[in-house]
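Beneath this line is the structure, given in structure tokens, with notes to follow.
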Amino acid sequence: MTPPTSRTWGRRGSTPVIRVRGRSQRRFSIAALCCYKPGERSRLIYRPKRHADHKSGGRKSFAWTEYRDLLIAAHQQLDGPIVLIWDNLNVHKDRRMRAFIEAHDWVTAYHLPPYAPDLNPVEGIWSVLRRTSQANTAFTDPDHLIRRLRHGLRQIQYRSDIIDGCHTGTGLILTTPQLQGQ
């Protein structure tokens, strides 16, 4: 990961340069769910994954089974039904993933329009992560990167106001079904 630069200094008249020693061929993926429930604090549930060796033809991202396992873990943590609002990642639309969702009544999925990152609160989480714990850091090794990722996500996880702000930034409105009178 090339380190994002948020702010730096340098002598007047000379442009600061951040040197990075080559590019690593290691790859990390992170899956995250921003969870909102009326009357409760917002939550962030995430799973980082370090890919063993993607140069040898291995998978370079999460498989549908790993998203399934994340949903099951979220369902157990939240103790309630889940309404997913997903982007159009091919794994989210995989036939096996659709079959899993259709087989369980506690999960419902809706897909955002094609290429609409401004409607996805998780994109705001990635932006906050890059501007805070990842900014101005040249990672010494992959373990250093994953430690900083986990630390940054943990900080965001305990700040429901940040998660709420990412939702507010989308312009989407949370609605709850009206209870019918008896």
Side-chain angles (χ1 to χ4, degrees), residues 1-10 16-37 40-55 58-79 82-89 91-92 112 115-172 174:
M1 176 177 196
T2 304
T5 306
S6 65
R7 220 174 250 217
T8 189
W9 64 273
V17 177
I18 298 174
R19 299 195 190 285
V20 179
R21 296 179 303 192
R23 293 204 180 260
S24 172
Q25 295 302 313
R26 294 174 189 94
R27 187 171 178 112
F28 296 94
S29 296
I30 305 171
L33 297 171
C34 290
C35 306
Y36 306 97
K37 190 173 184 180
E40 293 187 18
R41 70 176 182 85
S42 300
R43 295 186 189 179
L44 177 68
I45 300 173
Y46 65 91
R47 296 289 183 273
K49 180 180 179 180
R50 183 176 182 171
H51 302 283
D53 183 16
H54 77 279
K55 285 183 106 179
R59 186 160 184 89
K60 299 176 186 173
S61 62
F62 278 87
W64 80 272
T65 54
E66 292 159 323
Y67 282 106
R68 178 200 61 201
D69 295 345
L70 177 61
L71 289 175
I72 292 169
H75 176 62
Q76 290 171 349
Q77 277 185 11
L78 299 171
D79 193 32
I82 295 175
V83 177
L84 287 173
I85 301 177
W86 264 353
D87 57 14
N88 287 294
L89 185 66
V91 178
H92 295 168
L112 292 171
Y115 196 73
D118 51 325
L119 296 177
N120 190 347
V122 175
E123 296 297 335
I125 297 294
W126 303 145
S127 176
V128 169
L129 185 66
R130 285 185 64 87
R131 287 182 284 124
T132 55
S133 69
Q134 307 299 297
N136 290 341
T137 305
F139 301 104
T140 56
D141 59 15
D143 292 328
H144 182 211
L145 171 60
I146 199 75
R147 278 194 313 272
R148 291 296 295 259
L149 284 170
R150 286 180 186 271
H151 177 73
L153 287 166
R154 207 171 305 117
Q155 285 182 321
I156 294 170
Q157 193 174 30
Y158 293 116
R159 298 278 312 271
S160 60
D161 58 322
I162 292 174
I163 301 168
D164 290 340
C166 291
H167 179 267
T168 302
T170 66
L172 299 174
L174 291 175

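This chain uses plain numbering: 1 for the first residue, then up along the sequence.
- Scanning both residues, C166 and G124, for their nearest heavy atoms gives SG-C, 3.5 Å.
- No side-chain heavy atom of H167 sits under 4.5 Å from any side-chain heavy atom of S42.
- A 4.5 Å side-chain heavy-atom check between D87 and Y115 finds every atom pair outside the cut-off.
- Note that CD of Q157 is 10.0 Å distant from CD1 of I125, once rounded to the nearest 0.5 Å.
- Using a 4.0 Å cut-off between a side-chain N of Lys or Arg and a carboxylate O of Asp or Glu, R47 and E66 do not qualify as a salt bridge.
- Contact record, A63 with V91: C-CG1, 3.9 Å, taken as the closest heavy-atom pair.
- The pair D143-R50 counts as a salt bridge, with a side-chain nitrogen and a carboxylate oxygen less than 4.0 angstrom apart.
- Under the rule for a side chain to side chain contact (heavy atoms under 4.5 Å, CB included), the partners of E40 that lie at least two apart in sequence or sit in another chain are K37, R43.
- Contact of the R154 side chain with the Y46 side chain is registered, since non-hydrogen atoms from C-beta on lie closer than 4.5 Å.
- At least one side-chain heavy atom of P48 sits under 4.5 Å from a side-chain heavy atom of I146.
- At a threshold of 4.5 Å between non-hydrogen side-chain atoms, the residues S133 and L149 do not count as touching.
- For H151, the NE2 atom is loosely surrounded, since the number of other residues' heavy atoms within 6.0 Å does not exceed 12.
- The distance from atom CG of N120 to atom CD of E123, rounded to the nearest 0.5 Å, is 5.0 Å.
- Residues passing the side chain to side chain contact (heavy atoms under 4.5 Å, CB included) test with D118 are A116, sequence neighbours excluded.
- Under the 6.0 Å distance and 45° angle rule, R68 counts as a cation-pi partner of W64.
- For A31, the side chain to side chain contact (heavy atoms under 4.5 Å, CB included) partners at least two apart in sequence or on another chain are F62, Y67, L70.
- In this structure, L71 and L33 have side chains that are in contact, with non-hydrogen atoms separated by less than 4.5 Å.
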Step by step, work out the side chain to side chain contact (heavy atoms under 4.5 Å, CB included) result for L145 and F28.
CA-CA 9 Å; L145 171 60; F28 296 94; 3.5 Å; yes
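- Within the model, atoms CD1 of I82 and CD1 of I72 stand 9.5 Å from one another, a figure rounded to the nearest 0.5 Å.
- Separation of atoms CD1 (I162) and SG (C34) is listed at 11.0 Å; rounding is to 0.5 Å.
- Between I30 atom CD1 and R150 atom CZ the span is 9.0 Å, to the nearest 0.5 Å.
- Two residues are said to be in side-chain contact when any heavy atoms from C-beta on lie closer than 4.5 Å; C35 and L44 fail this criterion.
- Between T168 and T170 there is no side-chain heavy-atom pair separated by less than 4.5 Å.
- Scanning all heavy atoms of the two residues, the minimum distance from I156 to I163 falls at O-CD1, 3.8 Å.
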